[in-house]
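Atom set for the values below is all heavy atoms of this structure, side chains included, hydrogens, waters and symmetry mates excluded. The chains referred to below are lettered A, B, ... by the order of the sequence lines, with proteins before strands, and numbering in each begins at 1. This structure is a prediction, so every number in the text was calculated from the model and none was measured.
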Number of protein chains: 2
Amino acid sequence: MELSFDKFKKEFDITVDDICRDYYLNNRETINIKKEAVAVKNLTAILNTTLKLSNDKGFQAMTLRDLSKESGLSMGALYTYFTSKDELFRIIHNHGMNMINMALVNRLKDETDPDVKLRKAISIHLYLSELMHQWFYFLYMETRNLPRDERKLTIESELFTEQIFIDILKQGVKGGIYSIENVILTSAVIKALLQDWYLKRWKYSKRKTTIDQYASFIINFIESSIKPVRRRTE
Amino acid sequence: MELSFDKFKKEFDITVDDICRDYYLNNRETINIKKEAVAVKNLTAILNTTLKLSNDKGFQAMTLRDLSKESGLSMGALYTYFTSKDELFRIIHNHGMNMINMALVNRLKDETDPDVKLRKAISIHLYLSELMHQWFYFLYMETRNLPRDERKLTIESELFTEQIFIDILKQGVKGGIYSIENVILTSAVIKALLQDWYLKRWKYSKRKTTIDQYASFIINFIESSIKPVRRRTE
DNA sequence: GTCTATAGTGCGATAGAC
DNA sequence: GTCTATCGCACTATAGAC
């Protein structure tokens, strides 16, 4: 395989710091802190701690007193960086969604061969979800905290990722390398398998399944079903 | 296919009433209500409303005031049926887990042919999750509300279902009808596909995918990968 | 059995000292 | 910029009338 997790990890260039710097620079009016270094450092601590506590017991169950204690900032200091617990939620939610979607698209845009692109899309999605595990898990589990009308955004994001796979599969069918009776259901299934990796991390980690094992296993599994075959049984 | 959702639905004999009656009869000391009919009726309303509200915004976010309003019982009346919000959680969690595991095992125990049994296990799991959707969703999403040491139970339950598939697959490999390099990963993948049906119900429902379409699709998908083949490409 | 009223707690948010 | 102290509120849980 041309792509491995180790290689990806070394080339991976997104840090939580960058996300926080980005957020800080775009919200200088509301964040009343002049020194960029201080603001970014504290924002990073806030987001990382929130992700940690949320992933453990849920965002609702995390109190700002918990966050204050674990992040080392006082209650008062926290409120320099956001105006309400609700806003803190939205910062993580929106920036996380954006970052993931962009990272995925950017790393796939130059690939044209559907066969290679499919494997690459699967690997990259798995690798991203491994390096940004807390963000993926947060986005999956905490969407219910959004009011009904804002959940649409998350739904669109789910469908957006799925669409990437739909396009690849359609292209492959057109080129005759895949034989698929239902492209949409096939994409849904691929998505489910990608998500299982970060939703059941405890299981795979306990069994010492490596991410590259999982990647090549599901690539095989999926290709068995979509590549034209002559079956011996039946 | 010998099994369809319509047929299953007609034969399905578990009601929330039964679960509540069972719970009531086993806890007569703590529930200070003499008339069985009254107790079961109210318990059913409590459980159904809790499931509804929890599935919408999460158990933590649901307040007992919400529950009181929606179920039609006063705050005081609610506390006749459970001693704390925590206990309410456990009632649903434990009874749900038991019910699901038992229902699955009971309906599979007489089947010996691994090929038939695999299809049956997949169909029945899907059908059960459809009819008891709120329970499945609750168990999946709310486990984090349990204290760390009690989460083991849920983990065991996840592995228990998976074990059912591991056993079937192993038997099939032994009998020469399946060719599987990694039985455990294959079972994990099957489980993930079963769960996607109830975790993304909004998606499948929006696309008008029926449960029998989904069932036969993933059965095909899985069998493509585990049945011995001669591949044309490669 | 079921209600209303309320005790007691811990939350999100803020004011004002430093 | 960051802290501590505190306000007001909404929550779980209960007491006591009916």
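The residue B:Asn32 sits apart from the nucleic acid: no heavy atom pair falls under 4.0 Å.
Taking B:Arg207 as the reference, A:Leu159, A:Glu162, A:Ile184, A:Ala188, B:Lys203, B:Thr209 meet the side chain to side chain contact (heavy atoms under 4.5 Å, CB included) condition, with sequence neighbours excluded. Applying the ring pair (Phe, Tyr, Trp, His ring centres under 6.0 Å) test to B:Phe89 and every residue at least two apart in sequence or in another chain returns B:Phe59, B:His93, B:Phe138. With sequence neighbours excluded, no residue satisfies salt bridge (charged side-chain N to carboxylate O under 4.0 Å, His left out) with A:Lys7. Under the side-chain hydrogen bond (donor to acceptor under 3.5 Å, both in side chains) criterion, A:Glu156 pairs with no residue at all, not counting sequence neighbours. Qualifying ring pair (Phe, Tyr, Trp, His ring centres under 6.0 Å) partners for A:Tyr140, counting only residues two or more places apart in sequence or in other chains: none.
Taking atom NZ of B:Lys35 as the reference point, atom C1' of C:dT2 lies 12 Å away to the nearest angstrom. Rounded to whole angstrom, the span from the NZ atom of B:Lys41 across to the C1' atom of C:dT2 amounts to 11 Å. Atom OH in A:Tyr81 sits roughly 18 Å away from atom C1' in C:dA13 (whole-Å rounding). Atom CG of A:Leu78 is separated from atom C1' of C:dT14 by 13 Å (rounded to the nearest Å). One interatomic measurement links the two molecules: CG of A:Leu88 to C1' of C:dC11, which rounds to 15 Å at whole-angstrom precision.
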Review point. For every nucleotide of nucleotides 4-18 of chain D, 5' to 3': is a protein heavy atom under 4.0 Å from its base (B), only from its sugar-phosphate (S), or from neither (-)?
Key: B------BBBB----

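Counting only N and O atoms by type, the side chains of A:Asp212 and A:Tyr127 include a donor and acceptor under 3.5 Å apart.
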